[in-house]
Asker: 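Okay, handing you the structure first.
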Amino acid sequence: MIYLNNAATSFPKPKRVKNAVAQHLNSPPFHAGRTGYDLQQKDIILSCRKVLASLLHIKNPERIVFTSGATESLCLAIFGLELRDKAHVITTAIEHNSVLRPLKTLEKEGAITLTVIPCNSAGKVEASSVIKQIGDETRVVVVNHCSNVSGAVTDLAEIGKVTSAKDVVFLVDAAQSAGNIPLNVEEMHIDLLAFTGHKALHGIQGIGGLFIRESVNIKPLKVGGTGVKSDYLLQPEAMPLYYEAGTQNMPGIVSLYEGVSLVLEKGIKVLQEVKAERVQRMIDHLSKHDDIILYYPEDQDGGTCLFSFNIKNMDPADLGYILENVFDIIIRSGLHCAPLVHQALNSYPLGSIRVSPSHFTTDEEITFFLNAIDKICEGTSTTDFITDNME
Amino acid sequence: MKIAKIKHVEDCFDGSFIKEIAFEQVITKELILYLGSDGKLQYFETFARPFFKFVKQGKYECKGVEGNQAIRIILKNNPEQSLAEFIEFIDKF
């Protein structure tokens, strides 16, 4: 099996991630504050916040809150801001449904008015288009750092300069970029950064996080047990406990610690280059086919970690089925939970095939994938409907 | 052809259903051509493991690979009725 669906969930997981999770699961679960044996657990939680802070350039690791993934992080941020009275929010056409659905829900309830900034035909949102829409009434700007459909990257620093100057909350969805593209919350003036652990940070599914700048107040999504201050009947307001009611996802945190440590040790720019080279090789080959339509940002600094494509006159769901069932290649077909971007790419409503390698993807695997596409293109050009008994 | 198992995969937004249908025997070229006798058939015979897609307009679309034992079917409009029609049709093979 050849796995090219790392933008959904990365695979394979690094050996150190698997070993650490196995070791954790084979050890007794020491509950924070409830036994005398919890030091080891506290260490890994804090260590995980520290490596994340190092990767994302966050000054205070305790401003990082663990969640179940980017969707929960984005809901915590968007609903936690308690927007009301038609507060003006700006977002973009390249957003995932984990941003669009909470915002559309608030818009439907009359809590916000929403401006959606369009993207170009490669899924790229120009920072200047976002900045132009920031007015005196704007409360929040929500931007996807890296499109999960085309790989186009949004210039966060340019937008952040303006949101910071105008006291507008800047929320970034880094689901695709965390671990793939360098991020710096200080230089980019990011107030809220949502990320997930199971993609380019190499953790397991069910772990993610949200960075919350000191100056931003958001309400917790959940309250309850924290293992400490149990005599206090309200949610302890200290960070990060305020947002972390309930039992922590320790296997997730252990995996995330190892995954982020790996990214730090190898160097995010090195990993970015490796993935960009793999993607470019595929794009160069596929662009030779007249009947292939590619969706990716040309000449993007640092390249792209993923791209999408279609074969003319072929349903991407069929192509995905063929790749999986005939060639044993796992990719993703469809809208990728980002419906608006496909309207700009002209791939709506069927969507596209998305290809996302990891640094584990080998040259041989890429060659096999490209040969498979060559064969499919050859087949589509020579095979027509052999029976057509439709009335 | 006898059906061994029908597994529900997904409810689609447009009201159609996607199901996986497993047969008791592998899918042969003869079965694929039989399917083609009742609608529109696309058959990629040049693939090492030939892919096919069959469309019965307004009723269902199914796709699969020759040599496998299961197909994926998208049931349109009245999904229960369309499934019943497909089962009746395939039973005659």
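Model, not experiment: these values are computed from the prediction. Here is how names work: the chains are called A, B, and so on, in the same order as the sequence lines, proteins then strands, and each is numbered from 1.
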Asker: Taking the side chain as every heavy atom from C-beta outward, state whether A:Ile376 and B:Phe44 have any atom pair closer than 4.5 Å.
Answerer: no

Asker: Does the side chain of A:Ile322 come within less than 4.5 Å of B:Phe47's, by heavy atoms?
Answerer: yes

Asker: CZ of B:Phe93: more than 12 outside heavy atoms within 6.0 angstrom?
Answerer: yes

Asker: With a sphere of 6.0 Å drawn around CZ of A:Arg281, does it hold more than 12 non-hydrogen atoms of other residues, nucleotides or ligands?
Answerer: yes

Asker: Closest approach of A:Asp318 and B:Lys53, non-hydrogen atoms and distance?
Answerer: OD2-NZ, 2.6 Å

Asker: Against chain B, label A:Ala372 side chain, backbone, both or neither, depending on which of its atoms sit under 4.5 Å from a heavy atom there.
Answerer: neither

Asker: Decide if atom CG of A:Asp284 counts as having more than 12 heavy atoms of other residues, nucleotides or ligands within a radius under 6.0 Å.
Answerer: yes

Asker: Would you list the pairs meeting side-chain hydrogen bond (donor to acceptor under 3.5 Å, both in side chains) in which at least one residue belongs to residues 324-333 of chain A, sequence neighbours left out?
Answerer: none

Asker: Only heavy atoms, only distances under 4.5 angstrom. Which residues in residues 59-77 of chain B are near chain A?
Answerer: B:Lys63, B:Gly64, B:Val65, B:Asn68, B:Ala70, B:Ile71, B:Arg72

Asker: Assess whether atom CZ of A:Phe11 is packed by more than 12 heavy atoms of other residues, nucleotides or ligands within 6.0 Å.
Answerer: no

Asker: Other residues, nucleotides and ligands only: do more than 12 of their heavy atoms fall within 6.0 Å of CG on B:Asp91?
Answerer: yes

Asker: Measure the shortest side-chain to side-chain distance between B:Thr46 and A:Glu378 over non-hydrogen atoms and say whether it is less than 4.5 angstrom.
Answerer: no

